[in-house]
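As structure tokens, the structure follows; a few thoughts come after it.
Just so you know, these numbers come straight off a predicted model, no measurement behind them. Residue numbers start from 1 in every chain, and the chains themselves are labelled A, B, ... in the order their sequence lines are given, proteins ahead of strands.
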2 protein chains.
Amino acid sequence: MTHLTNSQVDISVDCVVFGFDGEQLKLLLIDQKLPETGNLSPEVLQIALPGDLMNAGESLDACAARVLKELTSLEGIYLKQFYAFGDPNRVSDLKDQEWLRSFRVNPERRVITVAYYSLVKMDDYVPQASSFASSAKWTDIQDVPELAFDHNDIADKAIAVLRQELTTKHIGFELLPEKFTLSQLQTLYETILDKKLDKRNFRKNIKKMDQVIPLDEKQQGVLHKPAQLFRFDRDANENVKEE
Amino acid sequence: MTHLTNSQVDISVDCVVFGFDGEQLKLLLIDQKLPETGNLSPEVLQIALPGDLMNAGESLDACAARVLKELTSLEGIYLKQFYAFGDPNRVSDLKDQEWLRSFRVNPERRVITVAYYSLVKMDDYVPQASSFASSAKWTDIQDVPELAFDHNDIADKAIAVLRQELTTKHIGFELLPEKFTLSQLQTLYETILDKKLDKRNFRKNIKKMDQVIPLDEKQQGVLHKPAQLFRFDRDANENVKEE
DNA sequence: GTTATAAAGTGTAAAAGACACACTAACTTA
DNA sequence: TAAGTTAGTGTGTCTTTTACACTTTATAAC
């Protein structure tokens, strides 16, 4: 039994950030623009999940929160670790070294990434015309292009986990504005689960949850019957299970 | 934004190995005996989850399989990644350096661990009177002592995950011998879920699964009516969901 | 071989939950 | 005031889950 000290390993955290615009489930992706390197191809553009190498004194959770904050200035966002990706060649096999360095990746090292998924109310973050080298964009989940490294695998797994979690935990609300209608909520569920739901049965189920609270307010500016607005109260005692 | 290259990080894999003896859920734990270090306490004994630092060219999954194999000689065992633990002080804060070195941990480095849980048919591995410095023992889940590092947290999370998975996937069989009775299976479920189940309803549910196949064989050597034996076929098409 | 012991094995009825289904109400704009 | 559009609501059927008790079949002891 020989045990290498694996000083060649770096840890990164990648975040699969979900948003919802009322119609489509979206991912927040980063345009990574390579600086022109003279004799190489004029400009290489690579798209990736937001992520970063972990800092020295930082926990994984803190690193994920930092990545999200540096990108969007948002704090207190729903953020959950879901898997660690550690194939030895997930980074360095694939691409030439210049390209890797643009991600601050040292091609001599292995990178293990711990992946988080995050649920963001899309209104809370509108990407700016970027002054940086890299800029973020919301992208339809349908239209996710080929991503850097194994980021497509990571995103796929995140979607599977999200789908799973949506049916067991009440996390859908994290993707909607503070005030929302039941139709919006239903559309969200239908989009993520990729199937039609029955309106009446859906509403029956939702109204069983004590956490969904009707407001004294209606939707405005729509050209049809305005809908009741609701809010979600994370702290309401759901179905009071004691013992 | 400063980005440290975190060359101080090591990756380890820890395995929470579950077994079942017909009565109790068990964990496979390692006795880590410290060599006597002269003027320090005569012998320090520390108990831990089996685990190891990841080797250079190794994937996380491969590392977990290797840990399990080096310990038990078993291969092809049910093994599943469930969480990565990365608090900056999960290792080095706690103990003195001699102690750490006995785990091959360099106290100057951080260790991120990726945790797997594993389901083993207990008969397949009977711990040997150990010739090594460390030896493995099956321990009742009730009686798990204080473990090294944050291994109690890891074990607790593994149990929670196991409980969860048991209700959604058919993994209980991994803990039983090839041939088992329905009573054994029920006891297993009752032990893990920590609640009584109704015999008739339980059997109805099990018999819905096409994967549970009755054998032409009965339990032997019991002083009462012998039970029908069954085996579990991972590959039987369960409930034939097409479309 | 009769009896005591111990777990195996089996069905049904009631309750709860899931599902299918169609019309009226309320607002906006032309 | 009529047309367009989405909101909002209840009931019956079917499926699933739950609660519940007695008979069978082996062994061991007498």
Side-chain angles (χ1 to χ4, degrees), chain A residues 20-24 166-170 172 176-177 179-191 193-210 212-232 238-241 243, chain B residues 20-24 166-170 172 176-177 179-191 193-210 212-232 238-241 243:
Chain A
F20 182 67
D21 67 354
E23 304 255 312
Q24 281 297 315
L166 188 67
T167 59
T168 55
K169 293 165 196 159
H170 301 145
L176 292 176
K179 301 172 182 181
F180 56 86
T181 70
L182 295 184
S183 296
Q184 287 171 334
L185 185 61
Q186 182 173 348
T187 306
L188 170 65
Y189 271 74
E190 290 179 338
T191 306
L193 302 178
D194 195 29
K195 64 176 176 192
K196 277 272 158 214
L197 300 172
D198 179 84
K199 183 158 51 154
R200 283 182 281 197
N201 294 333
F202 181 78
R203 289 160 109 96
K204 254 180 279 178
N205 288 327
I206 295 299
K207 291 194 171 165
K208 269 190 280 191
M209 304 183 201
D210 297 325
V212 179
I213 296 162
L215 300 170
D216 286 336
E217 225 176 319
K218 309 220 151 178
Q219 207 180 20
Q220 294 197 328
V222 286
L223 53 162
H224 54 77
K225 178 171 175 178
Q228 172 74 247
L229 288 168
F230 294 80
R231 70 185 176 84
F232 182 73
E238 203 229 335
N239 283 351
V240 196
K241 267 184 204 160
E243 185 247 1
Chain B
F20 182 68
D21 68 354
E23 303 256 313
Q24 281 298 313
L166 188 68
T167 59
T168 55
K169 293 164 197 161
H170 301 146
L176 291 177
K179 300 171 181 182
F180 55 86
T181 70
L182 295 185
S183 295
Q184 288 172 332
L185 185 61
Q186 182 173 349
T187 306
L188 171 65
Y189 271 74
E190 289 179 337
T191 305
L193 302 178
D194 194 29
K195 64 176 178 194
K196 277 269 159 219
L197 300 172
D198 179 86
K199 182 157 55 155
R200 283 182 281 197
N201 295 334
F202 180 79
R203 290 162 108 97
K204 253 179 280 176
N205 288 327
I206 296 299
K207 292 195 171 163
K208 267 190 282 190
M209 303 183 200
D210 297 326
V212 179
I213 296 161
L215 300 170
D216 286 336
E217 224 176 317
K218 308 221 154 179
Q219 205 180 21
Q220 294 197 329
V222 287
L223 54 159
H224 53 77
K225 176 171 177 179
Q228 171 75 247
L229 288 169
F230 293 80
R231 68 182 178 84
F232 182 74
E238 201 229 337
N239 283 350
V240 197
K241 266 181 203 161
E243 182 248 3

| request: Give the intermediate values and the outcome of side-chain contact (heavy atoms from CB on, under 4.5 Å) for residues R231(B) and E217(B). | output: CA-CA 11 Å; R231(B) 68 182 178 84; E217(B) 224 176 317; over 6 Å; no
Length of the line joining [X]:[atom1] and [N]:[atom2], which is rounded to integer Å:
| X | N | atom1 | atom2 | value |
| --- | --- | --- | --- | --- |
| I206(B) | dG9(C) | CD1 | C1' | 15 Å |
| L197(A) | dA20(C) | CG | C1' | 14 Å |
| Q186(B) | dG9(C) | CD | P | 11 Å |
| E217(A) | dA26(C) | CD | P | 19 Å |

Less than 4.5 Å apart, side chain to side chain, heavy atoms only: is that true for [X] and [Y]?
| X | Y | answer |
| --- | --- | --- |
| K207(B) | F230(B) | yes |
| K204(B) | N201(B) | yes |
| S183(B) | R203(B) | yes |

Distance (rounded to the nearest 0.5 Å) between [X] [atom1] and [Y] [atom2]:
| X | Y | atom1 | atom2 | value |
| --- | --- | --- | --- | --- |
| L229(A) | Q220(A) | CG | CD | 8.5 Å |
| Q24(A) | T187(A) | CD | OG1 | 11.0 Å |
| L188(B) | D21(B) | CG | CG | 10.5 Å |
| I206(A) | H170(A) | CD1 | NE2 | 7.0 Å |

Pairs under 3.5 Å (N/O, protein and nucleotides 12-14 of chain C):
{"from": "dT12(C)", "atom 1": "O4", "to": "K204(B)", "atom 2": "NZ", "distance (Å)": "2.8"}

| request: Identify the 5'-most and 3'-most nucleotides of DNA chain D with at least one atom closer than 4.0 Å to a non-hydrogen atom of chain A. | output: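 Boundary nucleotides touching chain A, in 5' to 3' order, are dG4(D) to dT11(D).
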| request: Could you tell me whether a side-chain N or O of Q228(A) sits under 3.5 Å from a main-chain N or O of P214(A), the two making a donor and an acceptor? | output: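 The answer is no, because no donor-acceptor pair under 3.5 Å joins these two groups.
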| Full working for side-chain contact (heavy atoms from CB on, under 4.5 Å) between F202(B) and E190(B) | CA-CA 10 Å; F202(B) 180 79; E190(B) 289 179 337; over 6 Å; no
Give every pair of a protein N or O atom and an N or O atom of nucleotides 5-8 of chain C that lie under 3.5 Å apart, one pair per line with the distance.
{"from": "dA8(C)", "atom 1": "OP1", "to": "S183(B)", "atom 2": "OG", "distance (Å)": "2.6"}
{"from": "dA8(C)", "atom 1": "OP2", "to": "S183(B)", "atom 2": "OG", "distance (Å)": "2.9"}
{"from": "dA8(C)", "atom 1": "N7", "to": "K199(B)", "atom 2": "NZ", "distance (Å)": "3.4"}

